[in-house]
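Since the model is a prediction, treat every value here as computed from it, not as a measurement. Per chain, numbering begins at 1; letters A, B, ... match sequence-line order.
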Amino acid sequence: MFALVDCNNFYASCERVFNPALEGKPVIVLSNNDGCAIARSKEAKAIGIKMATPAFMLEDLIKEHDVKVFSSNYTLYGDMSSRVMEILSSFTPSIEYYSIDEAFLDLSELKYQDMTELAVKIRQTIKQYTGLPVTVGIAPTKTLAKLANRFAKKKKLTPGIHCLLDPVQIQEVLDHSKISEVWGIGRQHEKLLLRHHVKTAGDFIKLPDEWVRKNMSVVGQRMLNELCGIPSIKWEDQPPPKKGMCTSRSFAYLVTSKSELQEAVSTYAANVALKLRREHSCAGHMQVFLQTSPFNNEKELYIKSVDLDLPVPTNISAEIIHYALKGLDIIYKTGFKFLKAGVIVIEIIPEDQVQHGLFDTVNREKNNRLMAALDNVNKTLGKDMVRFAVQGYEKKWKLKAAYLSKRYTTNYKELLTIKI
DNA sequence: TCTGGGGTCCTAGGACCC
DNA sequence: TCTGGGGTCCTAGGACCC
């Protein structure tokens, strides 16, 4: 048996925990750059705010219904997430952290007899310790647990938990789940299946294996197995090592000047280098990319990326910045208004497996000590307090975050104050 | 004016080898 | 007119996830 536990409207709920006045009100959280709505409270969904709607299209609705709007506060959400995960891991050590707001638990070793009772307990504990509402779905496979979780959100009786313990209960949920609600069915597969009159998950499991395999590859076959109660998706206790890391952002406004792009690209490069150091990894290869707005139909779209080999796999900021700027030199073109840039590193290996080059001109030992010192200072004083000059000081291009809440749980200066 | 960011997995097809 | 067959590796692109 597996449980899928996820936080309801996670980002919106996090904002509510520290601002009870938001209770019962429509709340939305915007993506980076205050671009579009990525989290919505129940009330916001009810007035018709759809996932990923651009903020500028919501202006009327926001005014009309007095919607409370927030910029993404990842420091806060990340910290709340680790609190939830810690509580979950107190129920069982067999836990897979699936995303910032959800986790699978493997319940097979658990002595709990009554699964429903366990689900209730999980829900209550998280609510009590963090203030966050969660939903629990329990079933024989991960995909069914996902479906049970979705079902738990829809149903009127005992909302927030649902267990699929026998074939009858499973069949009921399959028949009441739209095909698009199955984990792994996206827009394209939905279209394909609807063309073949497959409307529900119940219809889907009636399809012959060969058809699924032919039209939806092994991915479809796995979904089919999972829905039939045969676990076919890997259990990942430990997150597998990352294959690539990326830092990219849209700019607050369209950027034309090369110097501003250099600031941005070197900032992203420094960020990627920091991510590598946190994972104790080095990268052997990088890509830098640059693009104009895909939404401006009148102007020519310019998307260009360049690949660069790093002579020796590295996580040293200065080195990664150096090559990123070299890449920018290659792809930069005057006469365009750029919306977005990014730095990607691949060929990632553990830092203790780096093969040093015979003709290496970089003093890696010294640089590693420098990076450790830099990370330490920044950890104490706050992110980016010490940085490379090329990253710029003003950073006018930096993304917008006009409605940012405080970092209540991670910064002493931003603790919640209560007047009594 | 204003449209997120960071990932994974799979397949097909080309290049290359014997 | 004839022009193998198998294998591997790499890449681009598609689909999906949160």
Side-chain angles (χ1 to χ4, degrees), chain A residues 4-11 28-40 50-60 62 69-74 77-78 81 96-104 142-143 146 149-150 179-193 212-223 232-234 236 239-254 268 271-272 275 279 285 287 289 291-298 301 303 305 307 337 339-348 398-403:
Chain A
L4 174 71
V5 183
D6 78 345
C7 303
N8 304 348
N9 320 322
F10 182 52
Y11 299 167
I28 61 171
V29 178
L30 301 178
S31 63
N32 266 342
N33 230 11
D34 293 342
C36 45
I38 51 166
R40 306 150 297 152
K50 298 259 182 320
M51 185 70 173
T53 313
F56 72 91
M57 290 180 179
L58 292 171
E59 278 165 21
D60 293 344
I62 289 172
V69 181
F70 292 89
S71 304
S72 300
N73 183 347
Y74 288 107
Y77 312 149
S81 171
E96 181 184 320
Y97 307 101
Y98 181 64
S99 77
I100 191 163
D101 74 330
E102 64 191 288
F104 287 101
K142 284 171 147 187
T143 307
K146 271 269 193 189
N149 182 292
R150 261 181 171 272
I179 189 64
S180 57
E181 292 177 311
V182 174
W183 186 37
I185 301 285
R187 279 240 270 291
Q188 300 307 315
H189 283 144
E190 183 194 11
K191 253 196 257 168
L192 170 78
L193 289 167
V212 172
R213 201 149 183 134
K214 183 159 168 270
N215 292 282
M216 301 170 72
S217 84
V218 294
V219 183
Q221 178 75 59
R222 274 202 285 265
M223 285 188 276
S232 307
I233 295 177
K234 239 179 48 201
E236 277 168 358
K242 282 210 174 38
K243 297 186 174 150
M245 295 180 194
C246 170
T247 295
S248 83
R249 298 275 184 282
S250 297
F251 306 126
Y253 53 89
L254 297 177
Y268 304 157
N271 191 263
V272 162
K275 286 188 199 173
E279 304 237 335
H285 192 88
Q287 292 168 340
F289 71 88
Q291 69 174 70
T292 56
S293 170
F295 303 105
N296 191 341
N297 299 326
E298 290 138 48
L301 183 63
I303 303 178
S305 81
D307 282 78
K337 294 179 172 173
L339 175 73
K340 185 176 176 181
V343 176
I344 300 169
V345 288
I346 51 176
E347 288 172 22
I348 291 171
K398 236 187 119 185
L399 45 86
K400 280 178 283 192
Y403 319 99

Got a salt bridge between A:Lys146 and A:Glu102, using NZ or NE/NH1/NH2 to carboxylate O under 4.0 Å? yes
From the set C:dC18, B:dG4, B:dT11, return the single nucleotide nearest to any side-chain atom of A:Ser99. C:dC18
Quick one: is B:dG4 close enough that its OP1 or OP2 comes under 4.0 Å of any side-chain N or O from A:Ser72? no
For the side chain of A:Lys340, starting at C-beta, report the closest nucleotide among C:dC17, B:dG4, B:dG5. B:dG5
Are A:His189 and C:dA15 close enough that a side-chain N or O sits under 4.0 Å from OP1 or OP2? no
With pairs defined as Watson-Crick or G-U wobble and both distances under 3.5 angstrom, please note down DNA chain B as a dot-bracket string, | for pairing with another strand. ....||||||||||||||
Rounded to whole angstrom units, what separation is found between the CG atom of A:Asp34 and the C1' atom of B:dT3? 12 Å
Atom CE of A:Met51 and atom P of C:dC18: how far apart are they, to the nearest Å? 9 Å
Without decimals, in angstroms, what is the distance between A:Asn9 CG and C:dC18 P? 14 Å
Between B:dC2, C:dC18, B:dG4, which nucleotide has the shortest distance from any of its atoms to the side chain of A:Phe295? B:dG4
For B:dC10 and A:Arg222 - does any side-chain N or O of the residue sit under 4.0 Å from the phosphate oxygens OP1/OP2? yes
Mind checking A:Leu192 for me? I need base, sugar-phosphate or nothing, with any heavy atom below 4.0 Å counting as a touch. nothing
Ranking C:dC17, B:dC2, B:dG4 by distance to the side chain of A:Ile38, first place goes to B:dG4
Please determine whether a side-chain nitrogen or oxygen atom of A:Arg249 lies at a distance below 4.0 Å from atom OP1 or OP2 of B:dG6. yes
Parallel, tilted or perpendicular: ring planes of A:Trp183 versus A:Phe104, cut at 30 and 60 degrees: tilted
C1' spacing across the pair C:dG4 / B:dC16, given as an integer number of angstrom: 16 Å
Please determine whether a side-chain nitrogen or oxygen atom of A:Lys234 lies at a distance below 4.0 Å from atom OP1 or OP2 of B:dC9. no
Does B:dG6 have its OP1 or OP2 closer than 4.0 Å to a side-chain nitrogen or oxygen of A:Lys242? no
If only side-chain N and O atoms of A:Ser248 are considered, is one of them under 4.0 Å from the OP1 or OP2 phosphate oxygen of B:dG4? no
Nearest-Å distance, CD1 (A:Ile233) to C1' (B:dC9)? 12 Å
Taking CD1 from A:Ile100 and P from B:dG5, how many angstroms apart are they, rounded to a whole number? 16 Å
To the side chain of A:Asn32, which of B:dG4, C:dA15, B:dT8 is closest? B:dG4
If I take atom NZ in residue A:Lys146 and atom P in nucleotide C:dC18, what distance separates them, rounded to the nearest angstrom? 4 Å
Rounded distance (Å) that lies between atom P of B:dG4 and atom OH of A:Tyr11: 15 Å
Mind checking A:Met245 for me? I need base, sugar-phosphate or nothing, with any heavy atom below 4.0 Å counting as a touch. sugar-phosphate
Measure CZ/A:Phe56 against C1'/B:dG4 and give the value in whole Å, please. 14 Å
With respect to the side chain of A:Pro54, which nucleotide from B:dG6, C:dC18, B:dT3 is positioned closest? B:dT3
Euclidean distance for P, C:dC17 against B:dT3 (whole angstrom): 25 Å
